[in-house]
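The block underneath contains the structure these notes are about, expressed in structure tokens.
FYI, side chains are in, hydrogens and waters are out, and symmetry mates aren't considered; it's all heavy atoms of this structure. The residues of the chain are indexed from 1 along the displayed sequence.
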Amino acid sequence: AYAEKQYTYVRTRNPNRRVLADAISLLEKSEETFAAASGMGAIFATLFALADKGDHVLCSKELYGETYEIMTQIMPRFGIEAEMISFQNLDSVAKHIKPNTKVIYTEIASNPCIQLTDIEGLAKIAHENGAYLVVDNTFSSPVNVQPLELGADISINSLTKFLNGHSDALGGSASGSKELIEKITFVGKLTGVPIPPSDAWMIYRGLQTAELRIKKQTENAAKLAKALEKNPHVEKVYHPSLESHPQRELAKKQFDENGGTAMLSFIIPED
């Protein structure tokens, strides 16, 4: 299969990239994956492949800072409206859908306050209104959850983080149907964001231990969250494994007992 189109130009096709994409597709339970040079490259290629001038993109306001900047500073320059709202109430999300809403975008666990989104409920709203649901899965990774299995159209990962695990390579991925990934790959190829072969090889190496590492990291995060919650010097802890988390029931629905992410945050008193 790899020899069909030949590897004549690194930016368009490369065997290291192909093997990495296949591995991510296996983890995400997707038909195809576009492997980008960074998570932001995957996000950029996805948004500009799925949204056109005049379209409306509805986004969770709890977003990674640079994703927020793409939504608010870059997309409007190309005639794409990005509206930022809270996704905590799905009825409110449904009310903000417009006839030209093309993409609904969220993180499965937000950066940095670990707010969750009901992916199944959001997917229903998106598809009833002819929109795509794009989910950034970085904070959980496909080891803990597969957004496509919950109804998302595209699952994005920063491969730089959990999946690589060695802090020595940059990468990103967008996984979904062959039809949608073809569109994303087209934009990614022309904007120069496919992952280089060396980084693809290094991240593929990191995948060999990803499940062992991420499962243990998630378990440790749940233990740390419980310990921090008991610490008198800590005001508030945010992790989905905690019974005090406002979305604990949703966490039980989408993740295992450890809360589905090795990321947590906490607040200490100012004084």
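By the 6.0 Å contact criterion, CD on Glu211 is open, its count of non-hydrogen atoms from other residues, nucleotides or ligands being 12 or less. For Tyr204, the OH atom counts as loosely surrounded, since its 6.0 Å shell holds 12 or fewer non-hydrogen atoms of other residues, nucleotides or ligands. Lys124 NZ: 12 or fewer foreign heavy atoms inside a 6.0 Å radius.
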Q | Test log, rule side chain to side chain contact (heavy atoms under 4.5 Å, CB included), inputs Phe87 and Asp118 | A | CA-CA 8 Å; Phe87 276 15; Asp118 184 343; over 6 Å; no
**Q.** Step-by-step side chain to side chain contact (heavy atoms under 4.5 Å, CB included) determination, Thr261 to Asn144
**A.** CA-CA 7 Å; Thr261 178; Asn144 282 332; 5.5 Å; no
Q.
Could you walk me through whether Arg18 and Asp22 satisfy the salt bridge (Lys or Arg N to Asp or Glu O under 4.0 Å) test, starting with their C-alpha distance in whole Å, then the side-chain angles of each, then the deciding distance to 0.1 Å, before giving a yes or no?
A. CA-CA 6 Å; Arg18 179 69 266 164; Asp22 286 348; 2.7 Å; yes
Q. Does the pair Glu229 and Lys236 meet the rule for a salt bridge (Lys or Arg N to Asp or Glu O under 4.0 Å), with working shown?
A. CA-CA 7 Å; Glu229 199 170 44; Lys236 180 70 176 177; 5.9 Å; no
Q) Should Lys183 and Thr46 be marked as a side chain to side chain contact (heavy atoms under 4.5 Å, CB included) after you check the CA-CA gap, both sets of side-chain angles, and the distance that decides it? A) CA-CA 8 Å; Lys183 294 179 180 181; Thr46 297; over 6 Å; no
Q: Apply side chain to side chain contact (heavy atoms under 4.5 Å, CB included) to Gln88 and Gln247, showing your working.
A: CA-CA 9 Å; Gln88 304 309 297; Gln247 297 168 295; 2.6 Å; yes
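The cluster map of Ile, Leu, Val, Met, Phe, Trp and Tyr, joined by side-chain heavy atoms under 4.5 Å apart, puts Val193 and Ile181 in the same cluster. Tracing side-chain contacts under 4.5 Å through hydrophobic residues (I, L, V, M, F, W, Y), one reaches Met263 starting from Leu159; they form part of the same cluster. Tracing side-chain contacts under 4.5 Å through hydrophobic residues (I, L, V, M, F, W, Y), one never reaches Leu212 starting from Leu26; they form parts of separate clusters. Tracing side-chain contacts under 4.5 Å through hydrophobic residues (I, L, V, M, F, W, Y), one never reaches Leu150 starting from Ile154; they form parts of separate clusters. Residues Leu116 and Val135 fall within the same hydrophobic cluster, defined by Ile, Leu, Val, Met, Phe, Trp and Tyr side chains chained together at heavy-atom separations under 4.5 Å.
When hydrophobic side chains of Ile, Leu, Val, Met, Phe, Trp and Tyr are connected at separations under 4.5 Å, Leu224 ends up clustered with Leu228, Val234, Val237, Leu242, Leu264, Phe266, Ile268.
Counting all heavy atoms, side chain and backbone alike, Phe162 lies closest to Arg213 at O-NH1, 2.8 Å. In terms of heavy atoms, Ala174 sits closest to Ala42 at N-CB, 4.3 Å. Closest approach of Ser155 and Leu148 over heavy atoms only: N-CD2, 3.9 Å. Of all heavy-atom pairs spanning Thr33 and Ser173, the tightest one is CG2-CB, 3.8 Å. Annotation for Met71 and Pro76: closest pair O-CD, 3.3 Å, computed over non-hydrogen atoms. Across Cys113 and Ser265, no two heavy atoms sit closer than the pair CA-OG, 3.8 Å.
Remark: the backbone N or O of Val10 is not paired with any side-chain donor or acceptor of Asn14 at under 3.5 angstrom. Side chain of His245 to main chain of Ser241: no donor-acceptor pair is present (N/O by atom type, distance under 3.5 Å, no hydrogens or angles). A distance-only check finds no donor-acceptor pair linking the side chain of Arg11 to the backbone of Pro194 [under 3.5 Å]. For His166 (side chain) and Asp168 (main-chain N/O), no donor-acceptor pair under 3.5 Å exists by modelled atom type. In this structure, the side chain of Asn258 does not engage the main chain of Gly260 through any donor-acceptor pair within 3.5 Å. Formation of a donor-acceptor pair under 3.5 Å by the Ser141 side chain with backbone atoms of Thr138 is not found in this model. Side-chain atoms of Asp153 come within 3.5 Å of backbone atoms of Leu133 as a donor-acceptor pair (strictly under, hydrogens ignored). In this structure, Gln146 contributes its side chain and Pro142 its backbone to a donor-acceptor pair below 3.5 Å. The backbone N or O of Lys161 sits nowhere less than 3.5 Å from a side-chain atom of Asn164 that would complete a donor-acceptor pair. Formation of a donor-acceptor pair under 3.5 Å by the Glu31 side chain with backbone atoms of Lys178 is found in this model.
A search for side-chain hydrogen bond (donor to acceptor under 3.5 Å, both in side chains) contacts involving Gln208 returns nothing, not counting sequence neighbours. In this view, Glu182 satisfies the salt bridge (charged side-chain N to carboxylate O under 4.0 Å, His left out) rule with no residue, not counting sequence neighbours.
Residue pairs meeting the ring-ring contact (aromatic ring centres under 6.0 Å, His included) criterion with at least one member in residues 29-77, sequence neighbours excluded: Phe44-Phe48, Phe48-Phe78. Sequence neighbours left out, not one pair with a member in residues 61-72 passes salt bridge (charged side-chain N to carboxylate O under 4.0 Å, His left out). Listed by first then second residue, pairs satisfying side-chain hydrogen bond (donor to acceptor under 3.5 Å, both in side chains) with a partner in residues 104-116 read Thr106-Thr117, not counting sequence neighbours.
A donor atom on one side chain and an acceptor atom on the other are not found under 3.5 Å apart for Asn100 and Glu81. Remark: the Glu120 side chain and the Gln254 side chain contain no N/O donor-acceptor pair separated by less than 3.5 Å.
Taking 4.5 Å as the limit, some side-chain heavy atom of Ile97 sits within range of a side-chain heavy atom of Ile104. At least one side-chain heavy atom of Val57 sits under 4.5 Å from a side-chain heavy atom of Met75. Two residues are said to be in side-chain contact when any heavy atoms from C-beta on lie closer than 4.5 Å; Asn157 and Leu27 fail this criterion. Looking at Thr101 and Asp55, their side chains never come closer than 4.5 Å, going by heavy atoms from C-beta outward. The shortest distance between side-chain heavy atoms of Leu90 and Ile125 falls below 4.5 Å. At a threshold of 4.5 Å between non-hydrogen side-chain atoms, the residues Ile108 and Pro147 count as touching. Leu207 has its side chain within reach of Leu20: a pair of non-hydrogen atoms, C-beta onward, lies under 4.5 Å apart. Side chains of Val93 and Leu122 form a contact here, defined as non-hydrogen atoms less than 4.5 Å apart.
Tyr132 OH to Ser177 OG: the interatomic distance, rounded to the nearest 0.5 Å, is 8.0 Å. Note: Ser175 OG to Leu180 CG = 11.5 Å, rounded to the nearest 0.5 Å. Rounding to the nearest 0.5 angstrom, the gap separating the CD1 atom in Ile156 from the CD atom in Glu28 is 10.0 Å. Interatomic distance, NE2 of His96 versus CD1 of Ile85, reported as 5.0 Å (0.5 Å rounding). Annotation: the span from Thr209 atom OG1 to Lys216 atom NZ amounts to 15.0 Å, rounded to 0.5 Å. To the nearest 0.5 Å, atoms CD (Glu32) and OG (Ser25) are separated by 5.0 Å.
Under the 4.0 Å criterion applied to side-chain N and carboxylate O atoms, Lys253 and Glu249 are not assigned as salt-bridge partners.
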